[in-house]
Each structure stands twice: as structure tokens, then as C-alpha cells.
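Worksheet: one structure, shown below.
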There are 2 protein chains.
Amino acid sequence: MRLSSFADYAVVLMSAAARHCGAGAGRDPATHKHLRMNATTLSAETGIPLPTAQKLVSRLSAAGLLESSRGTGGGVRLARPPATITLADVVEAVEGPIAMTACAEMGAHDCNLESDCRIRPHMNLANDAIRAALAGVTIASLTRDIPPPFAPSEVEKQVAL
Amino acid sequence: MRLSSFADYAVVLMSAAARHCGAGAGRDPATHKHLRMNATTLSAETGIPLPTAQKLVSRLSAAGLLESSRGTGGGVRLARPPATITLADVVEAVEGPIAMTACAEMGAHDCNLESDCRIRPHMNLANDAIRAALAGVTIASLTRDIPPPFAPSEVEKQVAL
DNA sequence: GCGCAATCGGACGGATATGGTCCGATTTGA
DNA sequence: TCAAATCGGACCATATCCGTCCGATTGCGC
């Protein structure tokens, strides 16, 4: 009943990305510097190990939450406004569909007594409630509240910052 | 974001136990047969592998959800009325405290920037919502609805019943 | 009072999934 | 055209979880 550390990291990473470069923010015409973030920058800022950050960027891009540009000066940026991205989106991007029981998954019909299952509708109800809870929190809301520059939710085994 | 198969099984097992022997149901004075369920019976009825069912019984007993009696004719029964046992209780019994992030756990203070964490309160909010969703479903509600004698929620790799 | 049988309880080993590391493919800028 | 920097995917170590087994304990029958 705990989300994977990947999902946890993903939330932190998306939050950091939202703080620096919103959707549509290409490059600053004045400074001519890129507003995009790359995996290295995000890693340094959040404390997430670089390889893990790269993997997360990859998955989040594949899920359509980040837009990536390759080559020199490339990087990633949010594909949508932070207010339209929810925790449910992020979690599903890295962990797959939110389904507490295997029953609840899309095309899963492995349950041998599926038609007679009494507790399944209740499970689905709870499942929907959980998804709604996650969908109620947007990335935008995570960037508000407290000023400090960075704030990893958990960097347990990270000794040195 | 999926609960372990242990937790899934535990729900099925508790549901089966509630269907047969409610709290306080000792032995039937007429038939002189025990109303208690043992791990073997529960296993046969739910399709849960016997060793796993034993393990679940053990954990659920330790958590105070089941009362176990050893020796010949022993077995287990619900420690409380089914209406007072929720999915949250069962899940916590077998999976530990419901905490999406490591931050949210009881005595976890591993986050190196704990005081500055901006997303933690939001996570806790979502966490509470999830727990509330699970706490809203009682074991008693799982025994209603549909008549068939048994109904495992998922017995994926179980070929023969 | 004693032995037996049945049960719970904990310990061990294998398997799956996760997290971390590395190298190659691709693209932009000079 | 060359070179640098980036994303993308493949590989391996680790940890957790699941399934199996054996021992400890208790109550019944003799």
C-alpha cells in the first residue's frame, strides 16, 4: 500500500520541473539561456540519483507528461500546465494503472470466479476513491505553500546532499 | 500503488471468516461442532494456498483481528463484529501502516530536508484520503450483495479450484 | 496421568519486481 | 563536418515478497 520509490521520486521531480519551467517555456529571448531542465539539473536539485532521474524523465516523457528535446542544449519541460497534471497522472505514468487488486486492472480476467466475486465491486469502489484522492492534488499545488528552493520528499539513503 | 497479494488474500480470507463465524460464536451447542474456522478450511473455501492462509491467519491474529485457539479442535474466529472491521484494518494488519511515502510513516525522519518539504503535507492529505476510502468499507459489507458460497477476489495462478 | 493428533507459530529458500549502473543512438551548435 | 551534450534503452545487483517446510504448543481420547 505504499507507492514505489520511483513514483515518489517522480512527484518530486515533476514538482521541481514545474517550479522552473512551465509548459511552453522554450528559451528566454533576453538571456538566450534555455529554460528547459535536463536530467542532470533535476538530479542535482532534488537529490535524486542521476540514473534514476534519467529513467524517470524517460518514463514521464513516454507518458506525455514531459516533452524532451535531444541534442546539445536539449532537455525536458512540462508538456502541460502544472495545474492540469495530478498525482494520479504521475503515479500512473511510472507505476502503470492504479489498480489495488489485479481484478481491477484493465484487461485482467484471471480471477476464476470473476462473475461471482462479491467483494470486487467494493474493491473497485475503494479503488476509485483512491484514484480520486490522487487526482485531487495537482503539481501546481505542490509548488506553492513554502518558499525554500528545493525539497525532496524522501531521499533516504542519500547521505551527502 | 497496488496492495500486495497478501493484503488481497487477507480481505478474501476475512470475508470468508465473517461469513461463517461471527465474533463470539464459540461452538454450536446443538451439533456440538465447532463454528471456528481453521486455516485449512479457509484455504479450501477461498482457494488461497494453505501455507499462505496459515501465514495470513498468523498475522491477522497478531493484529487482533482474529482470535486463535490452538490444539485439537482449535481454530480462528473474528475478534470483533464484521461491521467494525474495515479494509484499512485488514490492510494495515498484513502490510503495516498505510503510508504512501516513507515520510508519512510513524517514526520515519529519514528525509534530510523534512522541515522544508513542501509536498509532504499534500502527500499526507492524499494519504489520509486513501486511508479513509479503505476505512469506509467494512468486512460486513463484503458478505452481503451476492449469495454464492464463496468468491475469491483473485486466485490468478490457481488452475484447479 | 499420558500419549496422540491437530493446530498455530516462526524459519528457510526461491522468484519476481524494483532500483542502480552503464553504454549506445540521436540531435543540435560551432 | 566535427564534436559535445542529451535522451533512450539494455544490463546487473539488490531487496522485497511469495510459497514451502518444520517445530512448538495445546486440547482431546484413552
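Residue numbering restarts at 1 for every chain, and letters A, B, ... go by the order of the sequence lines.
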Figure out the [atom1]/[atom2] separation between [X] and [N], and round it to whole Å.
X: Phe6(B); N: dG19(D); atom1: CZ; atom2: C1'; value: 8 Å
X: Asp8(A); N: dG20(C); atom1: CG; atom2: P; value: 12 Å
X: Arg77(A); N: dT6(D); atom1: CZ; atom2: C1'; value: 15 Å
X: Leu50(B); N: dG19(D); atom1: CG; atom2: C1'; value: 11 Å
X: Ile48(A); N: dG19(C); atom1: CD1; atom2: P; value: 12 Å

pair Arg80(B)-Leu65(B): side-chain heavy atoms closer than 4.5 Å: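 Side-chain contact under 4.5 Å: yes.
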Base-contact (B) and sugar-phosphate-only (S) positions in nucleotides 5-11 of chain C, heavy-atom cut-off under 4.0 Å, - elsewhere: BSSBBSB
Ser43(A): side-chain contact (heavy atoms from CB on, under 4.5 Å) partners, not counting sequence neighbours: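 Counting only residues at least two positions away or on another chain, Ser43(A) forms a side-chain contact (heavy atoms from CB on, under 4.5 Å) with Leu50(A), Ala53(A).
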Any pair counted as salt bridge (Lys or Arg N to Asp or Glu O under 4.0 Å), so long as it reaches residues 54-66 of chain B, sequence neighbours left out: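 Output for this query is empty, none listed.
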Backbone N/O of Leu42(A) and side chain of Thr46(A): donor-acceptor pair under 3.5 Å: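 Checked: pair present.
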Validation: residues 88-98 of chain B side-chain donor-acceptor distances under 3.5 Å, sequence neighbours left out:
unit_1   : atom_1 : unit_2    : atom_2 : d
Asp89(B) : OD2    : Thr86(B)  : N      : 3.0
Asp89(B) : OD2    : Thr86(B)  : OG1    : 3.2
Glu92(B) : OE1    : Arg131(B) : NH2    : 2.9
Glu92(B) : OE2    : Arg131(B) : NE     : 2.9
Glu92(B) : OE2    : Arg131(B) : NH2    : 3.1
Glu95(B) : OE1    : Met1(A)   : N      : 2.7
Glu95(B) : OE2    : Ser4(B)   : N      : 2.6
Glu95(B) : OE2    : Ser4(B)   : OG     : 2.8

Least distance between heavy atoms, Leu56(B) atom then Phe6(B) atom: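 The pair with the smallest heavy-atom distance is CD2-O, 3.5 Å.
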